[in-house]
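We name chains A, B, ... by the order of the sequence lines, and we start the count at 1 in each one.
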Amino acid sequence: MTSVISVADIAQHEGQEVAVKGWLTHKTGKGKLLFLRVRDGSGFVQAVLFRPSVGDEAFSRAKKLTQESSLILTGKVKKDQRAPGIPGGYELDVSGIEVVQIAEPFPITPKEHGVDFLLDRRHLWLRSRRQWAILRIRATVIREMRNWLDGNGFVLVDTPILTPSAAEGTTTLFETDFHGTPAFLTQSGQLYNEANIFAFGKVYCFGPTFRAERSKTRRHLQEFWMLEPEVAFAHLEDLMEIEEQLVSHVVQFVLVHHAKELALLERGTEKLERVLPPFPRLSYDDAVEMLHAGGFPDFKWGDDFGSPHETYLTEQFDKPVFVHHFPSEAKAFYMEPEPGRPEVCRSADLLAPEGYGEIIGGSERMSDPEKLLAAIRQHNLPEEAYDWYLDLRRYGSVPHGGFGLGVERTLAWICKLPHVRETIPYPRLLDRFYP
RNA sequence: UCCUCGGUAGCUCAAUUGGCAGAGCGACCGGCUGUUAACCGGUUGGUUGUAGGUUCGAGUCCUACCCGAGGAGCCA
């Protein structure tokens, strides 16, 4: 009996009679020759049928196959330079063909399509090679971020998705109903992470995050995935070291293990190869000076960077760059002010190069209960909702901090995609959440 | 919420000053022993986003609305 193989492992089966179970992505022929390209989930392979070899009956059955028809092919694995596919270089010399289903006409053809058309058919679009490559890299990025943290003493501590209040009062929340009480989908697990470090020292949470912003840009999703580490006894400098180690590990791992996918995406690797610690550190003050010198003379100290500013700054470096010590006014209430200079806070964003901008936002947190209470009052936040948060500063408070890494933005950069919508299987965009 | 652009065949697009609604691809039929988004010949293709208006005549001009894209603000 012939064994079923994964196309990814085809090189290990040269000369063997094997079976491949999958779907037809492409069919082309030349008289008595028929080329079938088949996807099995692990890769893409070309199968060749020669009419005199397989017989007229099997040959005409194969000729009737439509795009996305499901089938089981048996045949001998042959090495051939001309064979396209992933990994490629090997093809299946078909001896038998079992048709599982003849597919109805598939709407997504190998030709060009518009974004609207494709997003309406995201459930089918996922089958295309490009999406396959991106989402495999996504799986690796998520796994390796977690592997790195798990291997460096961090404990995964899950934080709730249904929450009673905002972490930061500013952004828009998705509201839902918790048995008669208003509840909100989480925008961050940070506040809970801050509680968890007192039990576990170094923690992280990883999960979906919801932002009901009326944002329509290439960098925004209504639902995205965020990795949020938080560390006890950590200062801003410690956080930046963790961030550059983590990001470098993930990028270098992808370069080694997903060369085929990056090539398929036509993502050049030279710039990614430079992503190694240390990353340059740029103070907000210096960043403002760079902007003034670089064509943004009107930029006012105290403003947050807009998209063109971020793009300009990242273009000045060939690696991700930290911008630290932002004005306190522009940042969230819980960030620790710089001692002796309270107008800036101990915060740092990590900006990805090539115009991708912010992929990480982080800070050292206020650890003093009096200062934190004053900040909550100054921001007109409901004191009672933060009572448990203030507790954390009453029972063994320590300097601590953490950051949030946006998975989709990181992926868009690594894959060099023009928009984050392709980095998540089912993107939730403004006014679009089908399918 | 604001600014800009767009909606024509299944898909991607064209249509000159307001004057016969077209092409490529797909699909279907036929041909070809090495195709890489094959190629060659043939067939098939339309409520021009919706509702009004101007006009002898509207895909084209006007009004309102619907849908989408890019950007701003805000953020990861």
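Using a 5.5 Å limit on the distance between ring centres and a 30° limit on the angle between planes, the aromatic ring of A:Phe224 counts as stacked on the six-membered base ring of B:A76.
Figure legend: cation-pi geometry between A:Lys319 and A:Phe279 absent, as NZ or CZ is not positioned both under 6.0 Å from the six-membered ring centre and within 45° of its axis. For the pair A:Arg121 and A:Trp125, the cation-pi criterion (under 6.0 Å, within 45° of the ring axis) is not fulfilled.
Where A:Arg219 and A:Arg432 each meet RNA chain B at their nearest nucleotide, the meeting point lying more 5' is that of A:Arg432.
No contact: A:Gly357 has no heavy atom under 4.0 Å from any strand.
Between A:Arg365 and A:Glu230, at least one side-chain N (NZ, or NE/NH1/NH2) sits under 4.0 Å from a carboxylate O, which counts as a salt bridge. A salt bridge does not link A:Lys78 to A:Asp80: none of the charged nitrogens lies less than 4.0 Å from a carboxylate oxygen. Between A:Lys331 and A:Asp349 a salt bridge is recorded (basic side-chain N to carboxylate O distance below 4.0 Å).
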Bracket notation of RNA chain B in which parentheses pair within the strand, [ ] cross earlier pairs, and | pairs with another strand (Watson-Crick or G-U, under 3.5 Å): (((((((..((((.....[..))))((((((.......))))))....(((((..]....))))))))))))....
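For A:Lys30, whose side chain is taken as the heavy atoms from C-beta onward, the closest listed nucleotide among B:C32, B:A69, B:G68 is B:C32. Here the side chain of A:Phe117 is nearest to one of B:C75, B:C11, B:A72, namely B:C11. Checked against B:C74, B:A76, B:U35, the side chain of A:Ser215 finds its nearest nucleotide in B:C74. For A:Ser307, the side-chain atoms get nearest to B:A72 when compared with the rest of B:A72, B:C75, B:U1.
The base of B:A72 lies outside donor-acceptor range of the side chain of A:Lys216, with no N or O pair under 3.5 Å.
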